Peer 1: 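One structure is given below, represented as structure tokens, and several questions about it will come after.
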Amino acid sequence: MAMSGGKDDGSPMMEMNTTPLIDVMLVLLIMFIITIPVATHSVSVNLPQATPPTNNPIINPVKNKLILTTQNVIMWNGSPITQGNLVSLLQATKALAVEPELQFQPEPYANYEVANEILKIITDSKVTKFGFVGNENYAVFGKAPQ
């Protein structure tokens, strides 16, 4: 890299060397960027405060258990039924004053298509209290044994 120290006649150099000035300015710019607090980029959200319930909720102990076996048998509370009977049973439970909870538990190797048809029937009947049972049996699915 060639540098000019002035003219050969001994007169002083008239141009200012801006390279050190630019270097200092870049270092200062980087320092300012680093010291900007992260809090300036946060968004404040007003969350509601939790209040304890004033009364204990009444839990309905009535539950209907629907099991799909590996032989494609639909079991309603331990009794075998057909898909047509399932529709009428779901309509009958909807007519009750307090709708019981419907628990669906397909066995591990039950036919997926039949399980899908049952879920379609349940969805079409507009059951409001529905849950899958037995998922805790598969909590270690896909995990390495310890």
Side-chain angles (χ1 to χ4, degrees), residues 1-6 13-146:
M1 179 161 60
M3 291 184 62
S4 156
M13 184 174 99
M14 298 304 289
E15 299 94 22
M16 183 174 162
N17 188 3
T18 58
T19 304
L21 178 65
I22 292 172
D23 289 345
V24 169
M25 294 302 290
L26 287 175
V27 168
L28 287 174
L29 179 66
I30 291 171
M31 294 303 293
F32 284 129
I33 290 172
I34 290 173
T35 58
I36 293 175
V38 178
T40 59
H41 301 290
S42 65
V43 176
S44 297
V45 177
N46 295 328
L47 297 175
Q49 297 297 323
T51 57
T54 56
N55 57 357
N56 293 333
I58 299 171
I59 298 174
N60 184 10
V62 179
K63 295 178 182 164
N64 291 318
K65 192 160 190 176
L66 185 63
I67 299 174
L68 176 63
T69 65
T70 54
Q71 292 82 21
N72 296 333
V73 177
I74 304 169
M75 305 289 282
W76 178 271
N77 293 333
S79 302
I81 61 168
T82 63
Q83 288 185 6
N85 290 346
L86 177 61
V87 172
S88 61
L89 283 171
L90 291 174
Q91 289 174 351
T93 57
K94 288 289 291 179
L96 296 174
V98 177
E99 182 182 354
E101 180 181 338
L102 177 62
Q103 298 178 342
F104 182 52
Q105 181 178 8
E107 290 183 351
Y109 295 104
N111 189 338
Y112 180 77
E113 291 176 14
V114 177
N116 190 28
E117 291 172 8
I118 292 173
L119 288 174
K120 176 74 170 137
I121 292 170
I122 293 170
T123 305
D124 291 343
S125 67
K126 296 183 177 35
V127 173
T128 58
K129 297 179 182 177
F130 175 72
F132 288 98
V133 180
N135 289 340
E136 63 275 0
N137 297 334
Y138 311 107
V140 294
F141 180 75
K143 294 183 180 176
Q146 297 178 0

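What you see is a predicted model, and the numbers here were worked out from it, not measured in a lab. Throughout, residue positions are numbered sequentially from 1 according to the sequence presented.
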Peer 1: Restricting to side chain to side chain contact (heavy atoms under 4.5 Å, CB included), what partner residues turn up for Ser79, sequence neighbours left out?
Peer 2: none
Peer 1: Give me the atom names and distance for the closest heavy-atom approach of Tyr109 to Thr70.
Peer 2: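 That would be C-CG2, 3.7 Å.
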Peer 1: Which distance, rounded to the nearest 0.5 Å, do you find between the CD1 of Ile122 and the CD of Glu117?
Peer 2: 12.0 Å
Peer 1: Would you say that Thr82 contacts Asn85 through its side chain, given a criterion of any heavy-atom pair below 4.5 Å between the two side chains?
Peer 2: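 Side chain of Thr82 against side chain of Asn85, heavy atoms only: contact under 4.5 Å found.
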Peer 1: Taking CD in Glu113 as the centre, count heavy atoms belonging to other residues, nucleotides or ligands within less than 6.0 Å. Is the count above 12?
Peer 2: no
Peer 1: Do any pairs count as a ring pair (Phe, Tyr, Trp, His ring centres under 6.0 Å) and have a residue in residues 111-130, sequence neighbours left out, and if so which ones?
Peer 2: Phe130-Phe132
Peer 1: Could you list the residues that satisfy side-chain hydrogen bond (donor to acceptor under 3.5 Å, both in side chains) with Asn111, not counting sequence neighbours?
Peer 2: none
Peer 1: Hey, could you give me the CG/NZ distance between Asn77 and Lys63, rounded to the nearest 0.5 Å?
Peer 2: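 Between Asn77 CG and Lys63 NZ, I get 12.0 Å after rounding to 0.5 Å.
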Peer 1: Using 0.5 Å steps for rounding, measure from the CD1 atom of Ile118 to the CG atom of Leu68.
Peer 2: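 Between atom CD1 of Ile118 and atom CG of Leu68 there are 4.5 Å.
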Peer 1: Working to the nearest 0.5 Å, report the span between NZ of Lys126 and CG of Leu90.
Peer 2: 12.5 Å
Peer 1: With sequence neighbours left out, write down each residue that passes side chain to side chain contact (heavy atoms under 4.5 Å, CB included) with Val87, or none if nothing qualifies.
Peer 2: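 So Val87 forms a side chain to side chain contact (heavy atoms under 4.5 Å, CB included) with Gln91, Ile121.
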Peer 1: Mind checking side chain to side chain contact (heavy atoms under 4.5 Å, CB included) for Val133 and listing every partner two or more places apart, or none if nothing turns up?
Peer 2: Lys65, Gln103, Gln105
Peer 1: With rounding to the nearest 0.5 Å, note down the distance linking CG in Asn64 to NZ in Lys129.
Peer 2: 11.0 Å
Peer 1: From Phe104 CZ over to Ile67 CD1, what is the distance, rounded to the nearest 0.5 angstrom?
Peer 2: 10.0 Å
Peer 1: Identify, with sequence neighbours excluded, every residue that meets side chain to side chain contact (heavy atoms under 4.5 Å, CB included) alongside Ile22.
Peer 2: Thr18, Leu26
